[in-house]
Amino acid sequence: MAFPSRTRALATLGAAAALAAPGIAGAQSNITLYGIVDTGIEYVSHASANGAVWRMPGVTGELPSRWGLRGSEDLGGGLAAIFQLESGFNIRGGDLGQGGRMFGRQAFVGVKGPYGTLALGRQYSMTYYALLGSDVLGPDIYGMGSFDAYIPNARTDNSITYQVGWQGLSFGVGYSFGRDSGGTGNSPGQGTCAGQVPGQAVQCRDWSVMLKYDASNFGVAASYEEQRGGTNASANFFDGQAPSAFNSSSDKDARATFGAYYKYGAFKVGGGWLGRRVSTAVVNTHSNLFYLGAAYNITPAWLVDGEVYRIINNDHDTRGTMTTLRATYSLSVRTAVYAQAAYLFNSARAAYSVSGGGGGTTPPAGQGQTGVMLGMRHTF
């Protein structure tokens with residue numbers, strides 16, 4: 001019978017302590033529940049040597065489906081505690097994305113203040129932030145991910161990030177002790193890389209840095225990211241060539257980006273370059289991906305946008321060019337319908353797939369491919 005009495009005493013003591021510290025008990029805090037639900041019906045020609053497919057994509061439509069919680073608490077002195085938990089899921093089957101993780105898109109906690117934001121957990125790399133302004137279509141099913149599937153999945157486990165901004169100028173840096181601690185292969189094309197092991201401090205390491213400037217109607221950004229190899233990791237160019245073995249901590253997979261955008265009224269144009277180099281004991285290969293896009297709000301409800309992509313990998317003798325056109329009509333502030341189409345030209349040895357909506361659509365080498373999708377998106 002002493003245990004309940006002790007519990008009541010501790011509860012009373014805790015309440016008294018809270019009342020005695022009004023600066024703590026009265027701290028301002030907020031939590032937001034949010035999400036995106038996005039899917040549709042897709043047609044992909046030459047999905048294999050056997051022909052075309054109709055399907056409901058398993059990964060994305062216009063924007064990847066997700067739900068999440070984010071919040072902050074005022075700590076006083078200009079400081080605030082922040083957190084974000086974001087779960088990706090696939091509409092067609094209701095299953096979790098990012099290798100089946102509960103919060104595979106983001107999961108971090110940190111402190112924000114006048115001198116920047118410091119956060120720890122599973123987070124986007126600086127490559128993601130650098131491309132936000134210049135990549136007009138973003139993580140669309142017929143976007144940059146068709147040539148480099150890591151781009152719409154540029155996030156790492158075990159990461160520490162710091163970002164700071166001043167009068168339009170932003171700087172960010174991230175460091176991961178092991179980019180895939182669960183070994184789930186949650187970033188397509190990277191295999192699995194569970195993390196640091198004794199005696200190999202850089203195995204599965206990732207670091208990235210970003211610098212950008214955003215004015216009222218234009219912006220420029222640059223970034224660099226380097227990943228190290230590890231057990232069961234791979235480096236895939238998605239061009240029909242065999243993935244590169246990437247299982248040594250001395251192996252490197254590096255990406256550099258530069259992009260810019262300009263806005264004039266309802267019109268926006270953006271473009272840039274992404275260079276990638278994979279260096280191992282037996283492979284030293286690189287590619288250059290160029291992109292140029294534009295968007296125009298015909299009316300507040302109608303948005304038309306499109307983008308052209310060109311990738312060149314001279315070492316593999318593979319090249320691909322993709323053109324995407326998309327139209328979105330907003331039925332309300334939260335709900336929109338869209339139609340989009342893309343065509344991808346493959347060089348003789350290349351086998352890039354037009355669709356980033358999941359596996360099973362790799363064409364024969366040298367085969368062009370068409371993708372068409374009608375979809376619906378709702379945000380909350």
Any side-chain heavy atom of Thr117 sitting closer than 4.5 Å to one from Thr161?
no
For the side chain of Arg277 and the backbone of Gly275, is there at least one donor-acceptor N/O pair under 3.5 Å apart?
no
Minimum side-chain heavy-atom gap Asp305-Arg326 below 4.5 Å:
yes
For Gln98, enumerate each residue passing the side chain to side chain donor-acceptor pair (under 3.5 Å) test, keeping only those at least two apart in sequence or located in another chain.
none
Looking at every non-hydrogen atom in both residues, tell me the closest pair between Ser159 and Gly121 and how far apart they are.
OG-O, 2.6 Å
Rounded to the nearest 0.5 Å, how far does NZ of Lys268 lie from OH of Tyr262?
13.5 Å
Is Arg310 close to Arg319 at the side-chain level, that is, under 4.5 Å between some pair of heavy atoms?
yes
Minimum-distance pair of heavy atoms, taken over all atoms of Gly40 and Met56
O-CG, 3.3 Å
Does Phe290 reach the side chain of Asn288, with side-chain heavy atoms less than 4.5 Å apart?
yes
CG (Leu33) and CG (Leu85) are apart, to the nearest 0.5 Å, by 11.5 Å
Are Ile91 and Met102 linked, directly or through other ILVMFWY residues, by side chains that come within less than 4.5 angstrom of each other?
yes
Side chain to side chain contact (heavy atoms under 4.5 Å, CB included) assessment of Gln163 paired with Met210:
CA-CA 9 Å; Gln163 296 188 64; Met210 174 270 299; 4.0 Å; yes
Set out, in order, the CA-CA distance, both residues' side-chain angles and the distance that settles side chain to side chain contact (heavy atoms under 4.5 Å, CB included) for Phe171 and Trp166, then state yes or no.
CA-CA 9 Å; Phe171 170 78; Trp166 180 75; over 6 Å; no
May I ask you to check whether Arg255 and Ser125 show a side-chain donor-acceptor distance below 3.5 Å?
no
Check for a donor-acceptor pair, side chain of Asp148 on one end and backbone N or O of Met144 on the other, with a separation under 3.5 Å.
no
SB check Arg101 Asp180 (cutoff 4.0 Å):
yes
Rounded distance (nearest 0.5 Å) linking atom CZ of Arg179 with atom CD of Gln196:
13.0 Å
Walk me through whether Val136 and Tyr291 qualify under side chain to side chain contact (heavy atoms under 4.5 Å, CB included).
CA-CA 9 Å; Val136 173; Tyr291 59 97; over 6 Å; no
Tell me whether the count of non-hydrogen atoms from other residues, nucleotides or ligands lying under 6.0 Å of OH in Tyr264 goes above 12.
no
Donor-acceptor check, side chain of Asp157 to backbone of Ser181, threshold 3.5 angstrom: yes or no?
yes
4.5 Å side-chain heavy-atom contact, Thr280 and Asn247
no
Between Phe238 and Thr362, is there a side-chain heavy-atom distance shorter than 4.5 Å?
no
For the residue pair Lys212 and Tyr129, would you count it as a cation-pi contact if the rule is NZ or CZ under 6.0 angstrom from the ring centre and within 45 degrees of the ring axis?
no
Nearest heavy atoms of Gly368 and Tyr343, plus distance in Å
CA-OH, 3.4 Å
Could you label the plane-to-plane angle of the Phe218 and Tyr213 rings as parallel, tilted or perpendicular, counting under 30° as parallel and over 60° as perpendicular?
tilted
Check whether any side-chain N or O of Gln369 sits under 3.5 Å from a backbone N or O of His46 as a donor-acceptor pair, and report yes or no.
yes
For Thr318, does its backbone N or O pair with a side-chain atom of Asn313 as donor and acceptor, under 3.5 Å?
no
Closest non-hydrogen contact found for Tyr224 with Ala256 is CD1-CB, 4.1 Å
In terms of hydrophobic clusters joined by side-chain contacts under 4.5 Å, are Val37 and Phe103 together?
yes
Just by distance, do the side chain of Asp253 and the backbone of Gln227 share a donor-acceptor pair under 3.5 Å?
no
Find out if a path of hydrophobic residues (ILVMFWY) with successive side-chain heavy-atom gaps under 4.5 Å connects Ile141 to Leu344.
yes
Let me confirm one number: the CG-SG distance from Asn158 to Cys204, rounded to the nearest 0.5 Å.
9.5 Å
Applying ring-ring contact (aromatic ring centres under 6.0 Å, His included) to Tyr175 and not counting sequence neighbours gives Phe177
Considering only NZ, NE, NH1 and NH2 on the basic side and carboxylate oxygens on the acidic side, decide whether Arg70 and Glu86 come within less than 4.0 Å.
no
Counting N and O atoms only, with roles assigned by atom type, does the side chain of Ser146 sit under 3.5 Å from a partner on the main chain of Val354, one being a donor and the other an acceptor?
yes
In Å, rounded to the nearest 0.5 Å, how long is the span from CZ of Arg228 to OG of Ser250?
7.0 Å
Parallel, tilted or perpendicular for Tyr124 and Tyr128, by the 30°/60° rule?
parallel
Describe, in one word, how the ring planes of Tyr352 and Phe147 are oriented to each other, choosing from parallel (under 30°), tilted (30 to 60°) and perpendicular (over 60°).
perpendicular
Under 3.5 Å side-chain donor-acceptor pair for Ser353 and Thr361:
yes
Looking only at non-hydrogen atoms, find the nearest pair between Asp140 and Gly61 and report the distance.
OD1-O, 3.4 Å
Please, which pairs that meet salt bridge (Lys or Arg N to Asp or Glu O under 4.0 Å) have at least one residue in residues 366-380, sequence neighbours excluded?
Glu62-Arg377
For Tyr34, is the OH atom crowded, meaning more than 12 foreign heavy atoms sit under 6.0 Å from it?
yes
Gap separating the CZ atom of Arg276 from the OG1 atom of Thr257, nearest 0.5 angstrom:
14.0 Å
Tell me yes or no: between the side chains of Glu307 and Tyr309, is some donor less than 3.5 Å from an acceptor?
yes
Check: Arg155 side chain, Arg122 main-chain N or O, donor-acceptor pair, under 3.5 Å
no
If the condition is ring-ring contact (aromatic ring centres under 6.0 Å, His included), which residues does Tyr329 pass it with, not counting sequence neighbours?
Trp302
So salt bridge (Lys or Arg N to Asp or Glu O under 4.0 Å) across residues 334-359, not counting sequence neighbours, yields none
Would a hydrophobic clustering, with Ile, Leu, Val, Met, Phe, Trp and Tyr connected at side-chain separations under 4.5 Å, put Tyr150 with Ile311?
no
Side chain to side chain contact (heavy atoms under 4.5 Å, CB included) evaluation trace for Ser355 with Glu42:
CA-CA 9 Å; Ser355 177; Glu42 181 190 25; 2.8 Å; yes
In terms of heavy-atom contacts, Arg105 and Pro64 come closest through NH1-CB, 3.6 Å
With no hydrogens and no angle check, is any side-chain donor or acceptor of Ser65 less than 3.5 Å from a backbone partner on Asp38?
yes
Residues forming a side-chain contact (heavy atoms from CB on, under 4.5 Å) with Asn90, sequence neighbours excluded:
Asp95
Treating Ile, Leu, Val, Met, Phe, Trp and Tyr as nodes and any side-chain heavy-atom pair under 4.5 angstrom as an edge, say whether Leu118 and Leu75 lie in one connected cluster.
no
So Val164 and Tyr115, do their side chains get closer than 4.5 Å, heavy atoms only?
no
Please check if the side chain of Ser208 supplies one atom and the backbone of Met126 the other of a donor-acceptor pair under 3.5 Å.
yes
